[in-house]
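Notes to accompany the following structure.
All residue numbers in this chain count up from 1 along the given sequence.
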Amino acid sequence: MENLLQAIKENQGKHGKIHIKQEPNNDKEGNGAPDFLITKDFLTLGYIENKRVNANLEAIIKSDQILKYTKLSPNIILTDYLRFILLNLNDKNEVIICKEVKICSLDELKSAIKNQSLLDIKTQELNELFTLFFSKIPNSINSALEFANHLSLRTRILKDELLLSSENEILLSLFNTFKETLYKELSYEEFCDSFAQTLTYSLFLAKLNNDTTKEIDLNNAKKFIPKSFPLIRSMSGFLDDSFENLESTKWLLEEIINIINHIDISNIIKELNKTSEKDLFNRSVLSTHKDPYLHFYETFLASYDPRLREVRGVYYTPAPVVTFIINAIDEILKQDFNHKKGLSEALSKDITLLDFATGTGTFLLEAFRKALEPINKNSANYNPKALIEKFCGFEFLIAPYTIAHLKISQSFKEEFHSALNDDESLKIALTNTLYSKNVSKEQEDQNTLFTLVDLTKEFKKAQKIKEEQILIITGNPPYSGASSNKGLYEDEIKISYGLEPSKADLSKEQKRWINSYFNEKTKQNINTFKAIYEKHKLENEKNIKAMLDDYVKFIRFAHSKINSQENGIFAFISSNTFLDKPILRGMRYSLMQSFDKIYILNLHGDTRKKEKAPDGSKDDNVFDIIQGVSINIFIKQNSKAKNAKIYYHDLYGKRKDKYEFLYENDLNSIQWTLIENNEPFYLFIPQNNDLLEEYNKGISVKDIFMIFRAGVCPNRDNIVFHNKKENLTQLLKDFNTKTKDELYKIYDIGEDSGGWKLEWAIKDIKNITFENSIYKVNYRPFDFKYTCYTGKNCGLMARPVYDIFEHFLENENIGLICNRLTSLQYFTHSFITQHITDLHILETANTYTYIFPLYLYPTTRSKKFLKKKIHILMKKISPQK
């Protein structure tokens, strides 16, 4: 076959420089490399895949293997030596047959060889097929976007190949090392995701640092990675050390190398620099704020996996936001901490700074710049490297960790004129900020086959920083609703931010027990911890999901660290939901007890709240996200701080106007509003207190009704709710009779999530009597639908809230509907219902609708509930009994 292809290629010479490479035969199960890779002027022209004679090519065309190849190049020839099929993609990205040549069937082979006329005809047809194949124009790489797309496509498939190599001892051992060091809940898929990106960026980094005429390859890539990148350099050693066991990934990495070797990196950097300038209005003040590596990573990630970008909170923090926050820190050091030269004093004094969610290093780089800004580069006091030990960062994802090292080390070289030596490295640690572990215990656990010494060093570096005092903590923590760090830092949140403010002041004895629990989780410590929490926890709060958002955990991390010190500064941008969300009142109260001054610059921009500027004009977000944000600055000067003064300012308007405001203003020029009398919810936003006294005379609706909960959470509206009973009945029948693959084709099911999985839904409605399980649902005001209601959590519905709606199923009832929080500028948030009710029946922005049933029927659950209520009431009346 190779000889045939070479001969045909010579015949196609007019089509430019074409190279044919035969890949090793590692494709026993259709998982490895294509048999032949065809490149044209270094770009991928297409693939040729051989199968055994008489193979079922029609089935193979529809296989995952061919689909995988089409993602990289739609130009594919599939052959069993007697049939040649040229494949391509149509407008719907479906694989189609462009041309097919059938020489003959296997039993006709002997006679066909003797039929010269037939052979001439088939030769002509084959030449036409290969002419079409070789004349295809490869996908070009003329821009940063095209470069990022080419790399991301191959990296995504590289991740899939790593996933399929789960039994590889070296890879599995490396995964276990990462799991123990970074995050105990790390999944193998998450590891493969990070590791695939790491390998790609290792090669990119090698290219950037290759100052020789020699092209990089798998064997020499490591030596082009600077020694000041120890962990990345160490991990790149995996490339040449382990390929005899991972041949299925080699072809993809070689394609990545081929692309990187032949791209004009300098032009890509120039283009990205222009993008940076364009994004920031070409202002002269921003001439040093070019960030091509960050823009490239954002472009790469948007193509590679936009969902990962959202889940991990990986967003480019706009330069005006970063500049404002770093300037604020500088000003606070001067005004409140008597450091008259601000951050510059870090060159000679013990001023330490941590970016606790470093990402691509934007905050750290701006801190370096601010500290060096007032010092003449020719001065003896100009020593950028003195800051390396003072300014540090934590990052969990390997790709942004690499970018942070890359761009800051490049800045030391190009901007600060102080290139890092081989024995010098930045104090940016690959770690999960929320995860701590004893160093000696970590060493005991490292008994795996492939243990990275540099990963162990990285862990020790991170752990040491976590144990040291840090004067300044800054950054942009991840926020994605549900925590991506499930199980981590939850107890710390519950016992600090999960307490009712009126009960939050714990005794010394209780604090001692809590400390004992975190030091050692014995049975007694666990029971005592639970008892303290249950006694003091937030009242009437059943769903604490909002309290476990990652950004809340990161705030608690910084809060706890500064709380253990005499003083500190915590300056960051985050979701602004903690400013007024009722369930986060314990968080606000706790923060007020620790800091002297709190500045809140509310940038708004929440699209779900449909926010507008006071003049009615559009209100934009400073990020490309729907969640509103705020800049928050917490200052602790006094080790016995209590009841902080809270300064607040609203900033509405277009994105560009907000950026301009942040550039033009600082803490001293903003007209702050002092927030007073913010009880009982300890709001961090102003409230109109004119009618507060009259308002407080009222009775809370939650005290009028015995029980209340949020409405049902389907998590798949289009699957759970139907306009017609017949449609619902058909779905239930299909879920009982068809396979999962068939259901995915029939219904728009989407990917499984934490609260809803297809197999759970199937199991929930298996063998039920449909007629007895179909109920009317109040979906929206005056809009009714039908659902199958079993009352089981994580079934067809994610959360059916059975303890409320069991009182609506077989008996007449009426329920009050209202919200606990109204974020819009008008109130239309109460209603009534007689049926099962969706939690978004009303326009609720970022909060849920609650249902208050008028009647409680004597169910087993309600009897137990009433008995408990009566017991509590009797104890209040006769506490001695």
Side-chain angles (χ1 to χ4, degrees), residues 280 285-286 288-289 291 294 313 315-337 339 342-344 346 351-373 387 390-394 404 408 470-479 551 554-555 557-559 562 568-576 578-579 591 595 597-605 621-623 625 628-636 647-651 655 658-670 672 684:
L280 303 173
V285 71
L286 298 173
T288 63
H289 287 252
D291 203 342
L294 182 149
Y315 290 98
Y316 163 56
T317 308
V321 172
V322 179
T323 301
F324 181 88
I325 291 174
I326 297 300
N327 284 344
I329 291 170
D330 188 65
E331 196 61 35
I332 291 165
L333 286 171
K334 294 174 182 176
Q335 293 179 174
D336 299 297
F337 288 80
H339 291 296
L343 272 172
S344 289
I351 296 177
T352 51
L353 178 146
L354 167 68
D355 181 348
F356 63 172
T358 298
T360 54
T362 310
F363 281 88
L364 276 181
L365 182 54
E366 187 61 26
F368 280 114
R369 285 171 173 154
K370 191 66 182 178
L372 296 169
E373 183 181 70
L387 298 171
K390 305 287 184 68
F391 293 174
C392 49
F394 293 157
I408 296 177
I470 301 288
L471 180 64
I472 304 158
I473 299 178
T474 188
N476 175 16
Y479 30 104
Y551 90 92
F554 272 73
I555 290 174
F557 167 84
H559 177 191
I562 291 176
I569 302 168
F570 180 26
F572 62 104
I573 183 169
S574 75
S575 164
N576 63 7
F578 83 99
L579 302 180
L591 288 165
F595 293 94
K597 287 191 283 188
I598 295 174
Y599 290 91
I600 305 291
L601 179 55
N602 195 346
L603 300 177
H604 295 281
N621 198 307
V622 294
F623 292 96
I625 58 176
V629 295
S630 60
I631 291 174
N632 319 289
I633 299 170
F634 296 77
I635 304 168
K636 180 181 178 181
Y647 300 92
Y648 180 89
H649 186 80
D650 284 309
L651 182 56
R655 179 180 293 184
K658 290 181 180 181
Y659 284 178
E660 291 285 356
F661 179 93
L662 293 172
Y663 277 127
E664 300 293 337
N665 289 276
D666 57 30
L667 285 184
N668 294 321
S669 65
I670 294 174
W672 300 101
F684 279 8

Original post:
Ile472 and Leu333: side chain to side chain contact (heavy atoms under 4.5 Å, CB included), yes or no, with the steps?
Top reply: CA-CA 10 Å; Ile472 304 158; Leu333 286 171; 4.0 Å; yes

Subject >> Phe684/Tyr648 under ring pair (Phe, Tyr, Trp, His ring centres under 6.0 Å): CA gap, chis, key distance, verdict >> reply: CA-CA 8 Å; Phe684 279 8; Tyr648 180 89; 9.5 Å; no

Subject >> Working for side chain to side chain contact (heavy atoms under 4.5 Å, CB included), residues Ile573 and Leu603 >> reply: CA-CA 10 Å; Ile573 183 169; Leu603 300 177; 4.0 Å; yes

**OP:** Go through the steps to decide whether Phe661 and His649 satisfy the test ring pair (Phe, Tyr, Trp, His ring centres under 6.0 Å), and finish with yes or no.
**Re:** CA-CA 12 Å; Phe661 179 93; His649 186 80; 5.8 Å; yes

Subject >> side chain to side chain contact (heavy atoms under 4.5 Å, CB included) evaluation trace for Ile598 with Ile635 >> reply: CA-CA 6 Å; Ile598 295 174; Ile635 304 168; over 6 Å; no

Subject >> Test side chain to side chain donor-acceptor pair (under 3.5 Å) applied to Asn327 and Glu366, step by step >> reply: CA-CA 9 Å; Asn327 284 344; Glu366 187 61 26; over 6 Å; no

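Side chains of Phe368 and Lys390 form no contact here, defined as non-hydrogen atoms less than 4.5 Å apart. With contacts defined as side-chain heavy-atom distances shorter than 4.5 Å, the pair Asn602/Ser630 qualifies. Using a 4.5 Å heavy-atom threshold, the side chains of Thr323 and Leu662 count as separate. Using a 4.5 Å heavy-atom threshold, the side chains of Phe557 and Phe356 count as touching. Ile329 has its side chain within reach of Thr474: a pair of non-hydrogen atoms, C-beta onward, lies under 4.5 Å apart. Contact annotation: the side chain of Ile569 never approaches that of Ile473 to less than 4.5 Å [non-hydrogen atoms, C-beta and beyond]. The side-chain heavy atoms of Ile555 and Phe572, taken from C-beta on, include a pair separated by under 4.5 Å. Residues Phe394 and Asp355 fail the side-chain proximity criterion, which asks for heavy atoms closer than 4.5 Å.
In this structure, CZ on Phe363 lies 12.0 Å from CG on Leu354, to the nearest 0.5 angstrom. With rounding to the nearest 0.5 Å, the separation of CD in Glu331 from CG in Asn668 is 5.0 Å. In this structure, CG in Leu471 is found 5.5 Å from OG1 in Thr352, a value given to the nearest 0.5 Å. The line from CZ of Phe337 to NZ of Lys636 is 10.0 Å long, rounded to the nearest 0.5 Å. A distance of 8.0 Å separates CD1 in Ile670 from CD1 in Ile631, rounded to the nearest 0.5 Å. Note that CG of Leu601 is 8.0 Å distant from CD1 of Ile633, once rounded to the nearest 0.5 Å.
None of Tyr599, Phe595, Phe634 except one satisfies the ring-ring contact (aromatic ring centres under 6.0 Å, His included) rule with Tyr647; the exception is Tyr599. Among Leu364, Ile470, Leu387, the one residue that satisfies the side chain to side chain contact (heavy atoms under 4.5 Å, CB included) test with Leu353 is Leu364.
Listed for the Tyr551 side chain is a donor-acceptor partner under 3.5 Å among the backbone atoms of Phe578. Distance alone, capped at 3.5 Å, is enough to place a donor-acceptor pair between the Asp330 side chain and the Leu343 backbone. Distance alone, capped at 3.5 Å, is enough to place a donor-acceptor pair between the Tyr659 side chain and the Val622 backbone. Side-chain N or O atoms of Arg655 include one that pairs as donor or acceptor with a backbone N or O of Phe623 at under 3.5 Å. At distances below 3.5 Å, at least one donor-acceptor pair connects side-chain atoms of Trp672 with backbone N or O atoms of Leu667.
For Lys370, the salt bridge (charged side-chain N to carboxylate O under 4.0 Å, His left out) partners are Glu373, not counting sequence neighbours. Listed by chain and number, the residues in a salt bridge (charged side-chain N to carboxylate O under 4.0 Å, His left out) with Asp666 amount to none (sequence neighbours excluded). Residues satisfying the side-chain hydrogen bond (donor to acceptor under 3.5 Å, both in side chains) test with Ser574, not counting sequence neighbours, are Asn632.
The shortest heavy-atom contact between Gly359 and Ala404 is O-CB, 3.7 Å.
A side-chain donor-acceptor contact under 3.5 Å links Asn665 and Ser669. Counted by atom type alone, His604 and Asp650 present one or more donor-acceptor pairs between their side chains at under 3.5 Å.
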